[in-house]
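Structure first, then comments.
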Amino acid sequence: MRMLSLICFLTSLMLPMSQVRAESNANSSDRKKVVFISGPPSHGYGAHEHYAGSLLLANTLKEAMPNFDVEVIKHGWPSEGVKALEGADTIVVYCDGGGRHLLNPHIDELDPLMKKGVGLVCVHYGVETPAGKTGDAFLDWIGGYFEAGWSVNPHWVAKYETFPDHPISRGVKPFAINDEWYYHMRFRDGMKGVTPILSALPPEDTLRRPDGPHSGNPAVRKAVANKEVQHMAWAAERDGGGRGFGFTGGHFHWNWGDENFRKVMLNAIVWTAHGEVPEHGVTTSNPSQDELEANQDEPKPAAKADAKTKKKV
């Protein structure tokens, strides 16, 4: 019997690390369904890679959490409509925002799912929507949003050094990374039900541009001058049990290669699905350069130039 136990122990040591991670991350036997909706092509190569970013996150989530079923809808609202979201425990929306946010025309269709407790995660530009009906929906669903004329969208290196006692923070270590970190978001009154996850003090040079719908306004300038800490990612709980998460980073596709940047997002997806976030967070291997370059909407600039040259020849 002792020999058998020893053999089992030694065999476990020989398991592939991916299998070990999957077993350690799968703390719950309950199956969960996650649906990513990726927006249409947007910026050039390596930025606003909605589909490539969604697919990368989906693949790492499936590897780490084998009890999660994950689907990625490419380039816009699903052709079969809201029926494509039936059975989802959480929905992740990574798209351009503002007046062309892909959810804007579908607020009434999506609201019944939100009232049933389906989670919602909005990524980068996907946190911006106009004030009014859509803004109010975002306040309800994810606790806050980017409001033009109030919020700003500078590129800067944000340093995240402390984190709240929250499942989304599990395993996340201090990190600093350059992104288009939006801040001075429009949150629910009194931050009711909202927990900031990534917070930092933006330097004053993030407001070096003149005032404009996205660049600056008197209220945000006063807040930064008063050294008011700003929140770039947050978790929200809704009446009825639903959960939401807003994440303003994600402009640069390469940032998904950072372990902590990626872990915040994966933890949040699990949490909004009412899954159990592992003690050390959702742990995944860093993607290779080839994996980061895969599935992007635009070819690499060098490859594009080579193609033009060959065409001329």
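Closest non-hydrogen pair, Arg262 versus Leu56, comes out as CD-CD2, 4.4 Å. Pairing each heavy atom of Leu266 with each of Leu57, the nearest pair is CD2-O, 3.8 Å. Nearest heavy-atom pair, Val82 versus Glu109, reported as atom, atom and distance to 0.1 Å: CG2-O, 3.8 Å. In terms of heavy-atom proximity, Glu71 sits nearest to Ile73 at OE2-CG1, 4.0 Å. Between Lys159 and Ala176, the shortest heavy-atom distance links the atoms CG-CB, 3.7 Å. When all heavy atoms are compared, the tightest approach of Val229 to Ser199 is CG1-CB, 3.6 Å.
Judged by distance alone, the side chain of Glu291 and the main-chain N or O of Ser288 form a donor-acceptor pair under 3.5 Å. Remark: the backbone N or O of Gly246 is not paired with any side-chain donor or acceptor of Thr248 at under 3.5 angstrom. A donor-acceptor pair under 3.5 Å links the side-chain atoms of Arg238 to the main chain of Arg243, judged by distance alone. With hydrogens and angles disregarded, a donor-acceptor distance shorter than 3.5 Å links the side chain of Trp181 to the backbone of Ile177. Within the 3.5 Å criterion, the main-chain N or O of Phe175 finds no donor-acceptor partner in the side chain of Asn260. With His48 contributing its side chain and Tyr125 its backbone, the two residues share no donor-acceptor pair below 3.5 Å.
Residues His214 and Phe146 bring their aromatic ring centres within 6.0 Å. In this structure, the ring of His101 has its center less than 6.0 angstrom from the ring center of Phe138. Checked against the 6.0 Å centroid criterion, the rings of Tyr182 and Trp150 do not qualify as a close aromatic pair. Aromatic ring centres of Trp234 and Phe187: separated by under 6.0 Å.
Just one of Ile197, Val172, Val277, Asn267 meets the side-chain contact (heavy atoms from CB on, under 4.5 Å) condition when paired with His166; it is Ile197.
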Decide yes or no on ring-ring contact (aromatic ring centres under 6.0 Å, His included) for Phe261 and Tyr160, but give the supporting numbers first.
-> CA-CA 10 Å; Phe261 186 93; Tyr160 302 112; 8.9 Å; no
With salt bridge (Lys or Arg N to Asp or Glu O under 4.0 Å) as the test, would you mind laying out the steps for Asp211 and Arg221 before giving the verdict?
-> CA-CA 9 Å; Asp211 284 357; Arg221 292 185 189 282; 2.6 Å; yes
Could you check Glu293 against Lys300 for salt bridge (Lys or Arg N to Asp or Glu O under 4.0 Å), going step by step and ending with a plain yes or no?
-> CA-CA 8 Å; Glu293 291 180 0; Lys300 289 179 69 171; 3.4 Å; yes
Between Lys74 and Asp297, is a salt bridge (Lys or Arg N to Asp or Glu O under 4.0 Å) present by the stated rule, with each step listed?
-> CA-CA 11 Å; Lys74 187 175 182 179; Asp297 293 324; 5.9 Å; no
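At a threshold of 4.5 Å between non-hydrogen side-chain atoms, the residues Val93 and Val121 do not count as touching. Using a 4.5 Å heavy-atom cutoff, the side chains of Leu85 and Leu110 are in contact. Within the 4.5 Å cutoff, the side chain of His106 has heavy atoms near those of the Trp77 side chain.
Between the side chains of Thr284 and Thr60, no donor N or O sits under 3.5 Å from an acceptor N or O. Side-chain N/O atoms of Thr272 and Thr90 include a donor and acceptor closer than 3.5 Å. In the model, Tyr51 has no side-chain atom that pairs as donor or acceptor with a side-chain atom of Glu49 under 3.5 Å. Between His184 and Gln230, the side chains place no donor N or O within less than 3.5 Å of an acceptor N or O (distance only, hydrogens not considered). No hydrogens or angles considered: a donor-acceptor pair under 3.5 Å links the side chains of Asp111 and Trp141. A donor and an acceptor atom, one from each side chain of Thr206 and Tyr183, are located under 3.5 Å apart.
A salt bridge is absent between Asp258 and Lys263: the closest approach of a Lys/Arg side-chain nitrogen to an acidic carboxylate oxygen does not fall below 4.0 angstrom. Taking the charged nitrogens against the carboxylate oxygens, Glu86 and Lys33 have no contact shorter than 4.0 Å, which rules out a salt bridge. Between Asp108 and Lys133 there is a salt bridge, since at least one side-chain N of the basic residue sits less than 4.0 Å from a carboxylate O of the acidic one.
Sparse packing is recorded around CG of Asp239, with 12 or fewer heavy atoms of other residues, nucleotides or ligands lying under 6.0 Å away. Counting heavy-atom neighbours within 6.0 Å of His280 NE2, excluding the residue itself, gives a total of 12 or less. Within 6.0 Å of CG on Asp165 lie no more than 12 heavy atoms contributed by other residues, nucleotides or ligands.
Seen from the ring of Phe68, Lys32 does not count as a face-on cation partner, given the 6.0 Å and 45° thresholds.
One finds the CD atom of Glu180 at 5.5 Å from the NE2 atom of His251 (value rounded to the nearest 0.5 Å). For the atom pair OG of Ser42 and NE2 of His50, the computed distance is 5.0 Å after rounding to the nearest 0.5 Å.
Phe36 is not connected to Val118 by any chain of hydrophobic side-chain contacts under 4.5 Å among Ile, Leu, Val, Met, Phe, Trp and Tyr, and they are in different clusters.
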